[in-house]
Amino acid sequence: MGVAESEDIRVIEDRLRKLRDEIEFHNYRYYVLDDPVISDAEYDRLMNELVRLEAAHPELVTPDSPTQRVGAAPAAAFAPVVHRSPMMSLANVYSVEEIRAFDARVRRALDGEPVEYVAELKIDGLAVSLVYEDGRFVRGATRGDGTTGEDVTHNLKTIRSIPMRLRLDKPVSMDVRGEVYMVRREFQKLNEERRAAGEPLFANPRNAAAGSLRQLDPKVTAERPLDIFVYGIGYVIGAEDAAPDTHFEALSFLKKAGFRTNPNTRLCRTVDEVLDYCAHWGEMRASLDYEIDGVVVKVNSLAQQERLGATARSPRWAVAYKFPARQATTVVRDIIVQVGRTGTLTPVAVLEPVELAGSTVSRATLHNEDMIRAKDIRIGDTVVVEKGGDVIPEVVKAVADRRTGAEREFRMPEKCPECGADVVRLEGESAYRCVGGMACPAQVRESILHFASRDAMDIEGMGPSLVAQLIDAGLVKTVADIYDLKLEDVAALERMGKKSAENLLSAIEKSKSYPLHRLVFALGIRHVGERSARDLAEHFGTMDRLASATFSELTDVRDVGPKVAESVLAFFREPRNREILRRLADAGVNMKEAEKGVSAGKSPLAGKTVVLTGALERFTRKEAEEAVLARGGRVSGSVSRKTDYVVVGRDPGSKYEKARELGVTVLDEREFERLLEGG
DNA sequence: AGGCCTCGAGTTCA
DNA sequence: CTCGAGGCCT
């Protein structure tokens, strides 16, 4: 190599370095500060020159060159990356009270010394780690499980607001934490393009961002409009003199280093300021062009953070306040059919998991085919889910304009998915039923589970997995077999030690002495629920008398009409059922109803109808119900004009409203107790 | 027959 | 909790 040539190379290297610095500077002005100082055309000219020069001298291309933001070849898979300092998740809180409790915990742990908080928006995207060595961006990874994530360096390089080099005067090494997200407008645009191309749509910007970052081909990612807000530092080496003392200072340090931080972060001196911030952004979230799902609250002082430490799961110096999302959109991945103990086929939507009012929803009942028809919900649809009341999620509607045409309509199967028997829809019923009866494994399993359930024979430990195992092992075919179980058979089952087996057998033993009404309910006679079971047991007193009752004797019982009576007769006509009852009696299961308590008839509650709502302090719901029943009262589930008392506990439901509407007497817990005592 | 009022049945997640 | 349907009262 001649002298002139090596001189040329040096000149070219200089030019390359200058071009790269300049382009990165303009990237920073444009993508981070949103304040460009040159025109797009000028920027393009610089970029073109760099591309040309690098093409002529491929040996001079560096990995942090702006051209390399899109240059990498598609990867075969994502390499795992172990985070040098783990990416912990934050504890979630859902209410003002919980934020106050967090504040109280922090203060107590810090012996009451003054505490400042930083409140920041919780961007609904995905957390990533950006590793810099000697000031250069070397590796980016997803959060993964917090310890190990996936290497998405090439994809992160396509995000222009991530600096390829830190804008610091020293070669600092650090791990920067941030949230990658997609702007709403861009998300909508992306989905429109995908629909036009017949591709499946993303349910929300978060999924779109996640999907884009996990593209194997960075060229695809480069076309996706991703951006990032950084919010923290995992570790930092080489910036000791500039090292921040507080989280707030850390954020300005990150800003100085060339990162994009969220402008709406606020330093709060009191917890009330934090609550104001939460309330404000809860209201104003729609005004942002990116989605947020809450507010992150952090103790500002890093020294205090250190003293507070962390639990195994999350730091004690921060919480994530999640807005009470009442509704969410997600995608119906599939509609499956469940077979209940009565053979009813229930369609259930399997959903792309979505956070909703404090829990992750992944399935929701669709009740029956009529409802699916009425709401026109198809497999693959984007749907709106809502938590009706408190816990149970409901699919409200399908978002029809998100359709790509690839969605499939749901059809109720003609054969039972569990046993292959015919499925029928009886006249006047909306439910489809499997006619397999006890030949259907699902119905056998569910009826045994029902028998053992808490309100029936209350056999603790007999949950879904144990019942499945007992059936598979051939130990239990009908509920009568439960009472023939041997210790060694049970102990031989998977995940069952001697101790668990003993516990199970003693729970079974205990169930033999319960009053008749539990057994009647446990049998699962059609149209005989908890209430009717009690009425029947009290009326007839013994199983023998119930089993030999005539139609008219049955309809004499309160709330028993022709349908229920016929159903009871049918149950006892069936020889297999009579055989089961004989075996239960032989095993020593109690077949009598206890006499009513002496106090019944004297109590002011005798003959009264009571409705309970909300949580009581000193009783469980069940205990309160029993107490009313023992005094000759009735407990009902809904408030009407016939209701005598509504007992209101903490966090009452809609029944309280109804009671006031109808002018029904409302009791608090203390008044209720007095009434129980006879006052 | 019509209109309540209740009950039964199925259901979700941590 | 909600829906559907059985039962009872008018």
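Residue numbers begin at 1 in each chain, while the letters A, B, ... track the order of the sequences.
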>> Would Arg518(A) and Tyr514(A) count as a cation-pi pair here, with the cationic atom under 6.0 angstrom from the ring centre and within 45° of the axis?
In response: yes

> Is any NZ, NE, NH1 or NH2 atom of the basic residue among Arg618(A) and Glu673(A) found under 4.0 Å from an Asp or Glu carboxylate oxygen of the other?
Replying inline: yes

>> Asp376(A): which residues meet the salt bridge (charged side-chain N to carboxylate O under 4.0 Å, His left out) condition with it, sequence neighbours left out?
In response: Arg378(A), Arg403(A)

Can you list, pair by pair, the side-chain donor-acceptor contacts under 3.5 Å of residues 340-350 of chain A, counting residues two or more places apart and other chains?
unit_1    : atom_1 : unit_2    : atom_2 : d
Thr342(A) : OG1    : Thr344(A) : OG1    : 2.6

> Whole-Å distance between dA14(B) C1' and Lys322(A) NZ?
Replying inline: 14 Å

> Rounded to whole angstroms, how far apart are NZ on Lys563(A) and P on dG4(C)?
Replying inline: 16 Å

> Between dC1(C) atom P and Leu612(A) atom CG, what is the distance in whole Å?
Replying inline: 12 Å

>> So if I define the base as every atom that isn't primed, P, OP1 or OP2, how would nucleotides 4-11 of chain B read as a B/S/- string at a heavy-atom cutoff under 4.0 Å?
In response: -SBSSSSB

> side-chain contact (heavy atoms from CB on, under 4.5 Å) with His527(A): which residues, sequence neighbours excluded?
Replying inline: Val564(A), Ser567(A)

> What pairs with Met88(A) under side-chain contact (heavy atoms from CB on, under 4.5 Å), at least two apart in sequence or on another chain?
Replying inline: Ala310(A), Pro315(A)

>> Among dT12(B), dG7(C), dC3(C), which nucleotide has an atom closest to any side-chain atom of Met371(A)?
In response: dC3(C)

> Rounded to the Å, how far apart are Glu566(A) CD and dG7(C) P?
Replying inline: 11 Å

> Is it true that Asp455(A) and Lys622(A) make a salt bridge, defined as a side-chain N closer than 4.0 Å to a carboxylate O?
Replying inline: yes

> Whole-Å distance between dC8(C) C1' and Leu554(A) CG?
Replying inline: 17 Å

> Going by an N to O cut-off under 4.0 Å, is there a salt bridge joining Arg373(A) and Glu369(A)?
Replying inline: yes

>> Only Watson-Crick and G-U wobble pairs with both distances less than 3.5 Å should count. Give DNA chain B in dot-bracket notation, marking inter-strand partners with |.
In response: ||||||||||....

